[in-house]
Amino acid sequence: MARMSDQPARWTQATVYPDMWTDPDKDPRNNEGASPDGELATLQDFLTNYRITLRMKCEGLDAEQLARRSVPPSTMSLLGLLRHFVEVERDWRNWISDGDPLPKLYGKRDADFDGAVADQAEVDAAYAALEREQAATDAALAAYADLGERVGKEGIAVRELMVHRIEEYARHCGHADLLRECVDGRVGQ
């Protein structure tokens, strides 16, 4: 007898490798040709791919699904992750700056997760804010061609900031894999 469960069944749209998110020839992260030349181009390529991965994990979900919490007492959700990256992109610009820090957009600590509610206006605002903040951080870092240059009040090396950005996206893309699988069973890649 089949056992009933409130957990979604695992599924994928991939046909070549059924344990993947999508077929390799349809994966927007797959670039044909040689890998990027140079350290900066390589770091930027990894960052871009993790940003695409985060969006892929959120793709096709409605506001309720994006705002669905993982497991109590955690407030983590896919929408919360989008909002979290809005805040961290802003904060990374604070690391570069010698001036006063940019204010948080969502308020007190963890408000990015706590305020991630099932409202399409919140979802749309989060996507727009993320795109804006990513572009602003990218533009601020573009002024520094030397990855060894030390910037901001703390004198952080641009290289260290770039690696930290990749690490932050990679870590949270792992969370997004599990969150998405809990929502509708779609498996990660």
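FYI, side chains are in, hydrogens and waters are out, and symmetry mates aren't considered; it's all heavy atoms of this structure. FYI, the numbering just counts along the sequence from 1.
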Q: What pairs of donor and acceptor atoms, side-chain ones from residues 130-137 against any protein atom, are under 3.5 angstrom apart with sequence neighbours left out?
A:
{"from": "E133", "atom 1": "OE1", "to": "R93", "atom 2": "NH1", "distance (Å)": "2.9"}
{"from": "E133", "atom 1": "OE1", "to": "R93", "atom 2": "NH2", "distance (Å)": "2.8"}
{"from": "E133", "atom 1": "OE2", "to": "R90", "atom 2": "NH1", "distance (Å)": "3.2"}
{"from": "Q134", "atom 1": "NE2", "to": "Y169", "atom 2": "OH", "distance (Å)": "2.9"}
{"from": "T137", "atom 1": "OG1", "to": "E89", "atom 2": "O", "distance (Å)": "2.8"}
{"from": "T137", "atom 1": "OG1", "to": "E89", "atom 2": "OE1", "distance (Å)": "3.2"}
{"from": "T137", "atom 1": "OG1", "to": "R93", "atom 2": "NH1", "distance (Å)": "3.2"}
{"from": "T137", "atom 1": "OG1", "to": "E133", "atom 2": "O", "distance (Å)": "3.0"}

Q: Taking only residues at least two apart or on different chains, which pairs with a member in residues 63-74 satisfy salt bridge (Lys or Arg N to Asp or Glu O under 4.0 Å)?
A: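 Residue pairs passing salt bridge (Lys or Arg N to Asp or Glu O under 4.0 Å), neighbours aside: E64-R68.
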Q: Please assess K57 against L179 for the test side-chain contact (heavy atoms from CB on, under 4.5 Å), listing each intermediate value before the final yes or no.
A: CA-CA 9 Å; K57 300 304 173 180; L179 288 163; over 6 Å; no
Q: Please report the interatomic distance CZ(F85) to CH2(W92), rounded to the nearest 0.5 Å.
A: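 Between atom CZ of F85 and atom CH2 of W92 there are 5.5 Å.
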Q: So if I apply the side-chain contact (heavy atoms from CB on, under 4.5 Å) rule between D45 and each of T42, L47, N49, which one comes out positive?
A: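 In the set T42, L47, N49, the residue that makes a side-chain contact (heavy atoms from CB on, under 4.5 Å) with D45 is N49.
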Q: When you look at L61 and V183, which way does the side-chain contact (heavy atoms from CB on, under 4.5 Å) test go after all the steps?
A: CA-CA 9 Å; L61 298 178; V183 169; 3.9 Å; yes
Q: Under a 4.0 Å N-O cut-off, is there an ion pair linking R171 with E167?
A: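 Counted as a salt bridge, because a side-chain N and a carboxylate O are separated by less than 4.0 Å.
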Q: Say you draw a straight line from CD1 of I52 to SG of C173; how long is it, rounded to the nearest 0.5 Å?
A: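 One finds 10.5 Å between CD1 of I52 and SG of C173.
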Q: List the steps and the verdict of salt bridge (charged side-chain N to carboxylate O under 4.0 Å, His left out) for K104 and D91.
A: CA-CA 8 Å; K104 289 190 169 289; D91 193 45; over 6 Å; no
Q: What's the spacing between L141 CG and L40 CG if we round to 0.5 Å?
A: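 Between L141 CG and L40 CG, I get 9.0 Å after rounding to 0.5 Å.
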Q: For H172 and E168, which I'm curious about, is there any donor-acceptor pair between the side chains at under 3.5 Å?
A: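 Short answer, yes.
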Q: Excluding sequence neighbours, so at least two apart, what forms ring pair (Phe, Tyr, Trp, His ring centres under 6.0 Å) with F46?
A: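 By the ring pair (Phe, Tyr, Trp, His ring centres under 6.0 Å) rule, F46 matches no residue at all.
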Q: Would V117 end up clustered with V123 when hydrophobic side chains under 4.5 Å apart are linked, directly or stepwise?
A: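 They do not share one cluster, since no chain of ILVMFWY contacts under 4.5 Å joins V117 to V123.
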Q: Measure from the side-chain N and O atoms of N94 to the backbone N and O of L102, and report whether any donor-acceptor pair falls under 3.5 Å.
A: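 Side chain of N94 to backbone of L102: a pair is present.
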Q: For residues 71-82, dump all side-chain donor-acceptor pairs below 3.5 Å to protein atoms at least two apart in sequence or in another chain.
A:
{"from": "S74", "atom 1": "OG", "to": "S70", "atom 2": "OG", "distance (Å)": "3.2"}
{"from": "S74", "atom 1": "OG", "to": "M76", "atom 2": "N", "distance (Å)": "3.0"}
{"from": "S77", "atom 1": "OG", "to": "G80", "atom 2": "N", "distance (Å)": "2.9"}

Q: Taking side-chain contact (heavy atoms from CB on, under 4.5 Å) as the criterion, tell me which of V88, L43, D138 meets it with R165.
A: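 For R165, the side-chain contact (heavy atoms from CB on, under 4.5 Å) test succeeds with only one of V88, L43, D138, which is D138.
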Q: For L54 and R51, run side-chain contact (heavy atoms from CB on, under 4.5 Å): C-alpha distance rounded to whole Å, both residues' side-chain angles, the deciding distance at 0.1 Å, then the answer.
A: CA-CA 5 Å; L54 180 64; R51 285 174 170 175; 5.9 Å; no
Q: Can you name the closest pair of heavy atoms from A67 and A118 and give their distance?
A: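 Looking at all heavy atoms of both residues, the shortest contact is CB-N, 3.5 Å.
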Q: Which pairs pass salt bridge (Lys or Arg N to Asp or Glu O under 4.0 Å) with one or both residues in residues 143-159, sequence neighbours excluded?
A: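 As it turns out, the salt bridge (Lys or Arg N to Asp or Glu O under 4.0 Å) pairs with a partner in residues 143-159, which skip direct neighbours, are E39-R159.
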Q: Taking ring-ring contact (aromatic ring centres under 6.0 Å, His included) as the cut-off, I'd like each qualifying pair that reaches into residues 96-144, sequence neighbours left out, listed once.
A: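 Every pair satisfying ring-ring contact (aromatic ring centres under 6.0 Å, His included) with a residue in residues 96-144: H84-F113.
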Q: Sub-3.5 Å donor-acceptor pair from the side chain of R83 to the main-chain atoms of A126, do we have one?
A: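 Such a contact is absent between R83 side chain and A126 backbone.
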Q: Out of curiosity, W95 CH2 to L161 CG, how far, rounded to the nearest 0.5 Å?
A: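 Result: 6.0 Å between the selected atoms.
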